[in-house]
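Every chain is numbered from 1, with letters handed out A, B, ... down the list of sequences.
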Amino acid sequence: EDQVTQSPEALRLQEGESSSLNCSYTVSGLRGLFWYRQDPGKGPEFLFTLYSAGEEKEKERLKATLTKKESFLHITAPKPEDSATYLCAVPLDTGRRALTFGSGTRLQVQP
Amino acid sequence: DGGITQSPKYLFRKEGQNVTLSCEQNLNHDAMYWYRQDPGQGLRLIYYSQIVNDFQKGDIAEGYSVSREKKESFPLTVTSAQKNPTAFYLCASTTTGDTEAFFGQGTRLTVV
């Protein structure tokens with residue numbers, strides 16, 4: 001069954017302490033992997049789209065990478081304002097043209 | 001400014017009542033979606049629509065209904081048949097189903 005799994009569920013970092021978030025997927029024919037940031041009580045904000053294994057994209061302290069089975073969101077020298085829930089999503093290989101989301105990683109960066 | 005507008009931001013429903021959540025977009029997107037988010041969980045798809053006058057059930061459509069009479073609008077009705085409607089509801093739109101989705105700011109529905 002197609003699914004999207006994110007780990008860890010929660011992550012607490014000190015300011016400046018780099019780390020990575022994981023998103024694994026079992027879609028047989030990937031048609032894009034999407035990363036979003038969500039602040040409490042807000043709608044998700046689009047960050048990146050990755051389409052093929054080996055692809056990388058960067059934005060400020062964030063870098064997303066993609067392999068055939070998983071994606072990583074690397075956070076370099078995070079700041080407290082990076083605290084949020086990070087969601088990944090893929091279109092399932094069922095012909096349904098809608099994104100299926102993982103349960104997210106809640107990141108807290110302490111000063 | 002282009003975007004998606006959801007209203008109201010907060011909504012309270014008495015048991016047995018139907019309530020309608022509004023979603024309007026001015027991005028000229030063809031596809032629109034409704035997701036439900038419960039605390040500490042990801043987004044679950046309720047309904048989606050690829051074109052006007054057509055929509056499909058998502059994973060948790062029971063107790064919900066939608067309409068798509070205009071390209072810009074995709075209202076969601078939470079009916080009395082939805083036994084646990086308290087949640088955060090998010091509307092989104094895309095140019096197609098395989099591109100990034102843009103989200104509204106959400107409606108928090110609470111049963112009182």
Exercise for review: For the residue pair B:Y35 and B:F103, categorise the inter-ring angle as parallel (less than 30°), tilted (30 to 60°) or perpendicular (more than 60°).
Suggested key: tilted

Practice item. Might you point out which heavy atoms bring B:R36 and B:Y89 nearest each other, and give the distance in Å? Key: NH1-OH, 3.6 Å

Practice item. Name the option with the most non-hydrogen atom pairs under 4.5 Å to chain B; the candidates are A:S103, A:G104, A:P44, A:A89. Key: A:P44

Practice item. Please state whether the side chain, the backbone, both or neither of A:Q38 comes within less than 4.5 Å of a heavy atom of chain B. Key: side chain

Point to revise | Under 4.5 Å from a heavy atom of chain A, the part of B:Q6 involved | key: neither

Check your understanding: So, is the end of the B:R108 side chain (NZ or CZ) under 6.0 Å from the ring centre of B:F88 and within 45° of the ring's axis?
Key -> yes

Check your understanding: A:F101 vs A:Y36 aromatic rings, parallel, tilted or perpendicular, using cut-offs 30° and 60°?
Key -> tilted

Review point. Non-hydrogen atoms of chain A under 4.5 Å away: do they reach the side chain of B:L43, the backbone, both or neither?
Key: both

Review point. Should B:I4 and A:L47 be counted in the same cluster of Ile, Leu, Val, Met, Phe, Trp and Tyr side chains packed under 4.5 Å apart?
Key: no

**Study point:** chain A contact via B:Q41 - side chain, backbone, both or neither, heavy atoms under 4.5 Å
**Key:** backbone

